[in-house]
Amino acid sequence: MSARRLYEDCPVGLALCRMDGRFIDVNPAFAAILGRTVEDTLALTYWDITPPTYDADEAQQLDLLERTGRYGPYTKHYFHRDGHIVAVRLSGRVVEHDGQRLIWSSAEDITDQARAADALRESEQRYRSVVETTGEWIWELNLALKHTFSNRAVERILGYTAEQFLALDTLTLMHPEDAEEVGNKLPALMANKQGWRGWLVRWRHKDGRYRYVESSAEAILDPSGELRGYRGVDRDITHRLELEEQLRHAQKMDAVGKLAGGIAHDFNNLLVAILGHADLLAESVKHDPTAYEDVEGIRHAGQWAASLTQKLLAFSRRQMTSPVRMDLNDATRDCAALLGRVLDDNIELRTELHPESLGVFADPGEIEQVVINLVTNASDAVGSRGTITVRTATVETVEAGEAGEAGETGEAGDTEADERALLEVTDDGSGIPPELLDRVYEPFFTTKAAGAGTGLGLSTVYGIVKQLGGTIDIDSELGRGTRVRVVLPLHEAPAPVAPAPTEVGPTKRILVVDDEMSVAVIVTRVLEAAGHVVEGALSAAEALAALEAAEQPFDLLLSDIVMPETSGVELARRCRERWPSTQILLMSGYAPNQALEMAPTEVIEKPFSPDELLRRVRDVFELSP
Ligand SMILES: Nc1ncnc2c1ncn2[C@@H]1O[C@H](COP(=O)(O)OP(=O)(O)OP(=O)(O)O)[C@@H](O)[C@H]1O
Ligand SMILES: [Mg+2]
């Protein structure tokens with residue numbers, strides 16, 4: 001084969017050109033790179049086919065050529081005939097030909113390679129940006145269990161930048177218990193070159209608190225299949241776990257509340273009967289001192305039981321209350337003044353009240369109960385010496401349950417932040433162990449000696465606060481103290497005016513309805529003793545029959561609210577429709593929402609004393625038109 005043939009058939013582009021760039025000869029492979037024929041190409045110069053953007057590269061290669069007589073190999077770009085740019089691997093050297101210095105070059109088309117390299121770079125960039133922008137924590141671990149890579153997410157989760165994190169002895173940041181478990185499981189996984197899914201691991205944040213992450217990883221194998229390390233994705237689920245915990249706690253409190261409310265309701269009925277009979281009995285034995293004393297004993301115990309029942313009802317948010325607009329500051333001041341006198345001399349009770357009045361819509365008795373319970377707990381916690389601070393302020397809640405101090409959260413001002421009243425009791429006492437913190441609201445949960453505490457204080461407070469549409473939050477550190485924050489809605493409406501009660505009441509015809517026989521009996525006896533004409537019914541159906549049968553409408557329907565089949569509320573509605581002149585008073589151990597909604601029906605709260613019952617009955621007629 002002749003040298004010329006070799007030249008013509010060579011798959012690599014070959015070109016001979018003068019120092020000024022004019023082509024003297026090119027082989028077909030070279031022309032093909034440019035999409036041209038050989039003749040076509042020979043009409044051009046090197047500069048015609050070189051895009052100007054690469055001038056700097058060219059100058060550098062020319063310089064090399066000048067100095068060494070050789071250039072390349074380097075990546076050179078040409079204009080293809082149809083306008084796109086092709087990449088070649090170019091190299092060459094100076095040759096002497098007939099006394100002339102010429103450049104002899106070889107060019108290999110690497111457009112496909114260059115394209116592949118670009119695509120690779122692009123895909124790498126894409127993955128890098130995904131890895132760096134994702135909220136998931138992505139990392140790599142070598143066989144010595146040292147982190148060798150971490151994306152930026154680690155900073156959000158653990159507070160260290162990726163660089164700082166990699167410089168640490170990272171496994172010491174893992175919770176010791178989790179580190180032990182991982183240490184136990186990992187050898188078997190490594191032996192099988194297996195990864196893991198959904199491990200729950202605690203990592204210590206820079207601030208010292210643990211974050212929960214859900215970790216998944218896969219083994220990194222080298223081309224020969226040997227394990228090189230692990231690559232994983234961890235997700236911070238701390239917030240989710242906190243929400244789940246809150247939900248679980250709320251559900252538990254709800255269930256306990258229902259149970260307590262149910263028990264309290266039944267007890268209330270019994271107590272109405274016990275206290276009512278005791279009152280009647282006291283009346284009939286008042287000339288026999290021994291018997292009278294015994295009855296007093298029954299009344300005392302009954303009242304104590306009634307007060308426990310009240311607390312349970314408060315906890316289960318079924319307490320009947322008479323809310324009014326009141327100033328939280330006034331109530332707190334009065335209550336603190338009272339408590340200050342009874343507290344140990346070595347306990348300092350400070351009050352820091354908001355300079356302006358804080359209107360809340362509550363029963364004054366409820367606010368009093370809240371303050372007394374919180375301060376009593378604080379005083380028990382500080383023992384014989386310490387400081388208790390009762391503070392009121394306003395707070396802005398941006399989201400439910402997330403209260404920030406007004407003024408401290410400056411930026412919250414322009415959003416739909418809702419201003420609320422804060423009542424805070426802080427002590428420097430014993431504190432509450434973290435593991436007990438979510439049990440303290442449970443009724444009957446107490447750490448105090450038998451007889452020293454019933455465990456109903458915080459349950460009562462919890463129920464009252466929830467009923468008032470507020471939130472309660474306890475922050476405590478063992479050995480340092482406790483801070484209880486109660487946040488209540490502010491209420492700016494004017495207070496309703498309560499009419500003054502009067503003394504005497506005329507005889508009325510009353511229909512008493514209660515499915516609890518003992519209650520019906522005692523109520524009837526009390527009313528009859530006061531001169532009223534009473535008929536009794538044990539169900540709504542019986543009551544409706546009695547209403548129907550009466551020649552003249554009754555003056556008053558006095559009915560229990562909670563009864564099987566038809567409730568007192570429904571009975572009241574029908575009665576009001578058919579017999580509008582009949583007044584209605586409902587009796588309840590607790591307040592289902594419907595009872596509250598059907599104002600202006602009067603409701604009397606069980607247990608009640610005979611006096612209280614008579615007064616309420618009288619009031620119904622006094623207040624009606
Ligand atoms: N300020 C506080 N400091 C430390 N522990 C507290 C504080 N407040 C409440 N606790 C803990 O919570 C438990 C429950 O409190 P709660 O007020 O419900 O019941 P109690 O004080 O034990 O009894 P009661 O209030 O019915 O007399 C207490 O026994 C105590 O262990
Ligand atoms: Mg208490």
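Here the structure is a predicted model, which means the values were calculated and not measured. Whatever order the structure lists ligands and atoms in, that order sets their numbers, starting from 1.
- Of all protein heavy atoms, the one closest to atom 1 (N) of ligand 1 is Asp427 OD2, 2.9 Å.
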Working note: Asn346 + Val382, criterion side-chain contact (heavy atoms from CB on, under 4.5 Å); need CA distance, chi angles, decisive distance, verdict. CA-CA 10 Å; Asn346 292 322; Val382 299; over 6 Å; no
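- Using bins of under 30°, 30° to 60° and over 60° for the plane-to-plane angle, the ring pair Tyr210/His175 lands in the tilted bin.
- Heavy atoms of Thr482 found under 4.0 angstrom from ligand 1 belong exclusively to the side chain.
- Any N or O atom pair closer than 3.5 Å counts here, and Gly455 shares at least one such pair with ligand 1.
- Distance from atom 21 (O) of ligand 1 to its nearest protein heavy atom, with residue and atom name: Lys448 NZ, 2.6 Å.
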Yes or no on side-chain contact (heavy atoms from CB on, under 4.5 Å) for Asn377 and Lys448, after CA distance, side-chain angles and deciding distance? CA-CA 10 Å; Asn377 282 349; Lys448 292 166 193 171; 3.3 Å; yes
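- Residue Asn373 places no N or O, backbone or side chain, under 3.5 Å from any N or O of ligand 1.
- You'll find the side chain of Lys252 reaches within 4.5 Å of the side chain of His249, heavy atoms only.
- Looking at Leu436 against ligand 1, nothing comes within 4.0 Å, counting heavy atoms.
- Counting heavy atoms from C-beta outward, Val484 and Asp475 have side chains that stay 4.5 Å or more apart.
- Here Asn377 reaches the Mg ion (ligand 2): one of its N/O/S atoms is less than 2.8 Å from the metal.
- Every N/O-N/O distance between Asp380 and ligand 1 stays at or above 3.5 Å.
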Show your reasoning for whether side chain to side chain donor-acceptor pair (under 3.5 Å) applies to Thr238 and Asp236. CA-CA 6 Å; Thr238 313; Asp236 184 357; 2.6 Å; yes
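- Tyr462 and Tyr441 have tilted rings, their planes meeting at an angle from 30° to 60° on a 0 to 90° scale.
- Among Ser430, Pro443, Gly431, Gly453, the residue whose heavy atom lies closest to atom 27 (O) of ligand 1 is Gly453.
- Checking Asn268 against Thr309 by side-chain atom types alone, no donor-acceptor pair falls below 3.5 Å.
- Among protein heavy atoms, the minimum distance from atom 5 (N) of ligand 1 is reached at Ile432 CG1, 3.2 Å.
- With respect to atom 11 (C) of ligand 1, the closest heavy atom belonging to the protein is Val440 CG1, 4.0 Å.
- Looking only at protein heavy atoms, the nearest one to atom 16 (P) of ligand 1 is Leu458 N, 3.5 Å.
- Taking only nitrogen or oxygen atoms, main chain and side chain alike, Ala381 does not reach within less than 3.5 Å of ligand 1.
- Among all non-hydrogen protein atoms, the one lying nearest atom 13 (C) of ligand 1 is Phe445 O, 4.0 Å.
- With contacts defined as side-chain heavy-atom distances shorter than 4.5 Å, the pair Leu312/Pro443 qualifies.
- If you check which protein heavy atom lies closest to atom 29 (O) of ligand 1, you get Thr447 N, 2.9 Å.
- Heavy-atom proximity to atom 9 (C) of ligand 1, evaluated over Thr446, Thr454, Asn377, Asp428, is greatest for Asn377.
- Under the 4.5 Å side-chain criterion, counting only non-hydrogen atoms from C-beta, Val620 is not in contact with Ile584.
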